[in-house]
Amino acid sequence: MKIICIGRNYVDHIEELANERPKDPVVFIKPDSAILPKEQDFYIPEFSNDVHHEVEVLVKITKVGKHIDKKFAHKYYDEVGLGIDFTARDLQKTLKEKGLPWEKAKGFDGAALIGKWLPKTNFANIDDLNFSLYKNEKLVQQGNTSLMLWKIDELIAYVSTFFMLKKGDVIFTGTPAGVAKVSANDYLSGKLEEEEMFGVKIK
């Protein structure tokens, strides 16, 4: 399986990092080794002093697809989840300044937290989902999928023109504003609507 991530999909997050608004979705890949094992703490890697949390809505692909039309994209996933794209922001900044790929800053071991999955039938509208991240019980990120520049079905259609989607692939759909540094002993928890989707201790 592969983890396909979308960057710069919320205007407020683009603005907080002073990035340019993209004309097309920004796509990058995390290896499957980036998945944080269930019930395991997140350990800040030694190579970074500025790891940020980025909470994101996830979808899990259920069948093989290539060049998927947007109107059929909803047939390719049955579940919605929530996760964190952990980012070594200091390393990413250095790589971006040199025009180099981001993988070392985005794809390191444990950099993809995937919470539990819920049937998409639990929700009236996938394009109107509230989600949030709490750090030490304080709300730090809050978003709604209606604010995405590219909605979930659009992302599936777009990504499938470049990469064949396979059963089990996970798409991280982008993060809203509020990304910030994590520190040892922090506790992060995420909610999709009112459902708690994950909790993780930072070490």
Side-chain angles (χ1 to χ4, degrees), residues 3-19 26-60 80-96 102-118 129-145 147-149 170-203:
I3 303 166
I4 300 164
C5 303
I6 308 300
R8 305 180 190 176
N9 201 21
Y10 288 84
V11 172
D12 57 358
H13 177 56
I14 293 171
E15 292 174 347
E16 77 173 341
L17 294 186
N19 286 324
V26 175
V27 180
F28 60 95
I29 303 288
K30 288 178 184 265
D32 57 7
S33 55
I35 297 173
L36 185 68
K38 297 292 185 185
E39 309 301 325
Q40 182 172 304
D41 298 331
F42 173 80
Y43 286 81
I44 298 170
E46 294 180 357
F47 54 76
S48 177
N49 294 312
D50 193 24
V51 172
H52 284 203
H53 56 71
E54 299 188 7
V55 69
E56 310 196 13
V57 172
L58 318 179
V59 292
K60 189 192 322 182
V80 181
L82 197 69
I84 297 178
D85 165 19
F86 284 109
T87 303
R89 191 71 70 204
D90 46 359
L91 179 55
Q92 184 191 36
K93 181 176 183 291
T94 299
L95 294 168
K96 286 170 67 175
W102 301 351
E103 272 73 11
K104 290 189 289 185
K106 288 280 194 177
F108 59 87
D109 294 349
L113 185 157
I114 296 175
K116 67 181 183 182
W117 296 97
L118 297 174
L129 296 179
N130 293 301
F131 61 102
S132 52
L133 181 72
Y134 294 81
K135 181 192 294 182
N136 306 323
E137 301 185 354
K138 178 183 177 182
L139 179 64
V140 289
Q141 282 191 270
Q142 192 168 27
N144 185 288
T145 54
L147 300 175
M148 288 179 173
L149 294 177
V170 175
I171 300 178
F172 278 62
T173 62
T175 194
V179 303
K181 181 178 178 178
V182 298
S183 301
N185 298 315
D186 281 344
Y187 183 79
L188 304 178
S189 58
K191 288 186 177 181
L192 184 60
E193 293 295 344
E194 295 303 314
E195 184 88 17
E196 183 156 326
M197 303 296 285
F198 62 77
V200 63
K201 184 75 175 289
I202 308 299
K203 292 290 185 72

Exercise. So which heavy atom on Val51 is nearest to which on Pro45, and how close?
Worked result: CG2-CD, 3.8 Å
Problem set entry | Residue pair Leu192 / Phe198, side-chain heavy-atom distance below 4.5 Å | no
Exercise. Should Val80 and Phe131 count as side-chain neighbours, where that means a heavy-atom distance under 4.5 Å?
Worked result: no
Problem set entry | Pairing residues for Tyr43 by the side-chain contact (heavy atoms from CB on, under 4.5 Å) criterion, not counting sequence neighbours | Asp41, Lys203
Exercise. So, do Asp85 and Lys30 sit near enough that their side-chain heavy atoms are less than 4.5 Å apart?
Worked result: yes
Exercise. Would you call Leu113 and His53 a side-chain contact if the rule is heavy atoms closer than 4.5 Å?
Worked result: no
Problem set entry | Between CZ on residue Phe172 and CD1 on residue Ile29, distance to nearest 0.5 Å | 11.5 Å
Exercise. Taking the side chain from Gln141 and the backbone from Val55, do they hold a donor-acceptor pair closer than 3.5 Å?
Worked result: yes
For this session: Starting at CD of Glu54, measure out to CZ of Phe86 and round the result to the nearest 0.5 Å.
Result: 10.0 Å
For this session: Would you please test Trp102 and Val26 for side-chain contact (heavy atoms from CB on, under 4.5 Å) and show each step?
Result: CA-CA 12 Å; Trp102 301 351; Val26 175; 4.1 Å; yes
Problem set entry | Asn130 (side chain) donor-acceptor with Asn144 (main chain) under 3.5 angstrom | no
Problem set entry | Heavy-atom neighbours of Lys116 NZ exceed 12 at 6.0 Å | yes
Exercise. Under the 3.5 angstrom rule, does the side chain of Lys106 hit a backbone N or O of Ala111 as a donor-acceptor pair?
Worked result: no
Exercise. Are Leu58 and Ile171 side-chain neighbours, meaning at least one heavy-atom pair lies under 4.5 Å?
Worked result: no
For this session: Given side-chain contact (heavy atoms from CB on, under 4.5 Å), test Ile6 with Val27 step by step and report yes or no.
Result: CA-CA 5 Å; Ile6 308 300; Val27 180; 3.9 Å; yes
For this session: State whether the number of non-hydrogen atoms from other residues, nucleotides or ligands found under 6.0 Å of Lys38 atom NZ is greater than 12.
Result: yes
Exercise. Ignoring hydrogens and geometry, is there a side-chain-to-backbone donor-acceptor pair from Glu56 to Gly83 under 3.5 Å?
Worked result: no
Exercise. According to the interplanar angle, ranging from 0 to 90°, do the rings of Phe108 and Phe42 count as parallel (below 30°), tilted (30 to 60°) or perpendicular (above 60°)?
Worked result: tilted
Exercise. Where the side chain of Lys181 meets the backbone of Asn49, is there a donor-acceptor pair that is under 3.5 Å apart?
Worked result: yes
Exercise. Got a donor-acceptor contact below 3.5 angstrom from the Thr87 side chain to the Arg89 backbone?
Worked result: no
